[in-house]
There are 2 protein chains.
Amino acid sequence: MASETGKQDEVLEKAREKFRNFLGTKGLRITNQRLAILDACFRMEKHFIAEQLLEVAREIDRSVSRATVYRSLPILTESGLVREIDVGRDHKFYMADRGRGSNRVQVVCVNCDKIFELDAPFLEWYANSASQKVGLKAESIRLQVLARCDGHRCDNCTGDNMQENAPHKHEH
Amino acid sequence: MASETGKQDEVLEKAREKFRNFLGTKGLRITNQRLAILDACFRMEKHFIAEQLLEVAREIDRSVSRATVYRSLPILTESGLVREIDVGRDHKFYMADRGRGSNRVQVVCVNCDKIFELDAPFLEWYANSASQKVGLKAESIRLQVLARCDGHRCDNCTGDNMQENAPHKHEH
DNA sequence: ATAACTGCAAACTGTTTGCAAGCGA
DNA sequence: TCGCTTGCAAACAGTTTGCAGTTAT
């Protein structure tokens with residue numbers, strides 16, 4: 001448990017440093033609110049929406065406002081520290097990027113709204129291939145499956161939320 | 001050209017019939033507005049948004065209102081006559097389903113907002129495989145590539161819109 | 001010092017909804 | 001006739017923005 005916590009701290013420390021660097025490079029200022037929002041992102045184990053982020057960020061710094069959360073999310077996304085995951089539901093989801101990269105499939109349960117993620121290494125190659133076919137240059141890719149737990153509720157519904165994926169290898 | 005038009009009429013006639021059947025089966029009523037909206041969908045060559053659909057539907061039946069368009073789209077989608085394509089931009093896009101099925105990739109140009117579509121037959125298999133891994137049952141899948149025309153504008157930007165795809169075979 | 005940043009509240013945008021009137025079966 | 005459908009306008013939800021005060025550099 002101690003080593004777990006230590007590992008998380010290390011991840012957070014790296015993220016903070018990367019964020020400071022990013023802000024510096026871009027000529028943006030390092031503010032308490034931005035740091036609080038970054039920390040909040042990494043406190044979340046799973047995918048989160050802006051409103052939840054606001055809540056957690058406020059636990060860290062009372063002064064954080066909704067507007068600042070919304071203004072910070074694009075910055076965090078651009079810095080690569082946070083991934084935006086739009087599954088076409090009501091809200092956009094976000095998730096701290098803990099180094100898994102973005103070649104992933106999201107399996108979204110339409111019953112419980114939870115998001116599972118799986119690795120899909122072939123995605124990058126595929127994006128390039130498809131873009132080239134129409135004369136464009138790939139920038140990002142998104143592969144999502146809407147699915148449901150037929151009748152019985154899925155593990156995720158009943159138990160707690162382990163949607164923070166299990167990597168798998170099969171890529172055909 | 002005559003044969004082209006003839007073919008389109010045939011497609012439309014089939015769509016109307018399918019729609020009538022669907023409505024009947026579901027105990028929904030066949031109204032002029034719903035028929036006008038269906039026709040409008042098939043008048044659009046490319047992807048469209050609700051507002052554009054309203055405009056065209058009104059050319060067919062002056063009385064069609066925005067509310068009815070929004071209320072009809074889910075019905076049309078459920079009937080399989082129209083596909084909903086959410087690319088995570090501001091609007092949702094829709095497109096009449098002319099029998100190509102839904103195993104397709106969308107390549108979205110971030111410069112001109114146009115959507116190219118390509119066949120991706122492996123998608124269905126992949127959706128099932130991924131869903132199974134997390135214990136769910138696949139319902140629909142979505143594969144999208146955001147891309148840009150690096151520097152020069154893409155064919156689609158300059159010319160007219162041929163985003164109504166070119167099928168391709170490569171599926172690895 | 002000064003330009004970037006912030007919170008607040010109002011504005012926006014696409015979509016949904018309540019309601020009374022209309023109309024298909 | 002009966003109740004599903006409709007148009008209208010108001011409501012909604014998530015997000016963005018203008019502004020005046022605050023703060024990092």
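Source: prediction; values computed, not measured. Here is how names work: the chains are called A, B, and so on, in the same order as the sequence lines, proteins then strands, and each is numbered from 1.
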B:Asp61 atom CG is separated from D:dT5 atom P, nearest whole Å, by 16 Å

Would you call A:Glu55 and A:Arg66 a salt bridge, using N to O less than 4.0 angstrom? no

Measure from CZ on B:Arg58 to C1' on D:dT6 and round the result to the nearest Å. 12 Å

Would A:Gln106 and A:His47 count as a side-chain hydrogen bond (donor to acceptor under 3.5 Å, both in side chains) here? Give the steps. CA-CA 11 Å; A:Gln106 281 95 38; A:His47 305 79; 5.7 Å; no

A:Leu54 has an atom CG; how far is it from atom C1' of C:dT6, in whole Å? 14 Å

For B:Leu38 and D:dT5, give me the distance from atom CG to atom P, rounded to whole Å. 16 Å

Can you measure B:Asp90 atom CG to D:dG14 atom P for me and round it to whole angstrom units? 17 Å

Between B:Leu53, B:Ile85, B:Asp86, B:Thr77, which is the residue that forms a side chain to side chain contact (heavy atoms under 4.5 Å, CB included) with B:Tyr94? B:Thr77

Testing D:dG14, C:dC8, C:dG24 for proximity to the side chain of A:Tyr70, the answer is D:dG14

Which nucleotide, C:dT17, D:dT17, C:dC5, lies nearest any side-chain atom of A:Arg34? C:dC5

Can you check the A:Arg20 CZ to D:dT25 C1' distance for me, whole Å? 14 Å

Kindly compute the distance separating CD1 (A:Ile75) from CD (A:Glu78), expressed to the nearest 0.5 Å. 8.0 Å

Name the residue closer to the 5' end of DNA chain D, choosing between A:Ala50 and A:Arg71 according to the nucleotide with the nearest heavy atom. A:Ala50

When B:Thr31 and B:Glu51 are each assigned the nearest nucleotide of DNA chain C, the 5'-most assignment goes to B:Glu51

Between C:dC8, C:dT6, D:dT25, spot the one nearest the side chain of A:Arg29, thanks. D:dT25

Whole-Å distance between C:dG14 C1' and B:Leu73 CG? 13 Å

Would you mind reporting whether B:Phe19 and B:Leu76 have side-chain heavy atoms less than 4.5 Å apart? yes

Taking the nucleotide of DNA chain D with the nearest heavy atom to each, does B:Ala67 or B:Leu23 sit closer to the 5' end? B:Leu23

By nearest heavy atom, map B:Asn32 and B:Arg66 onto DNA chain C; which one lands nearer the 5' end? B:Arg66

Rounded to the Å, how far apart are A:Leu35 CG and C:dC5 P? 13 Å

Looking across every strand, which nucleic acid part, if any, lies under 4.0 Å from B:Ile30 by heavy atom: base, sugar-phosphate, or nothing? sugar-phosphate

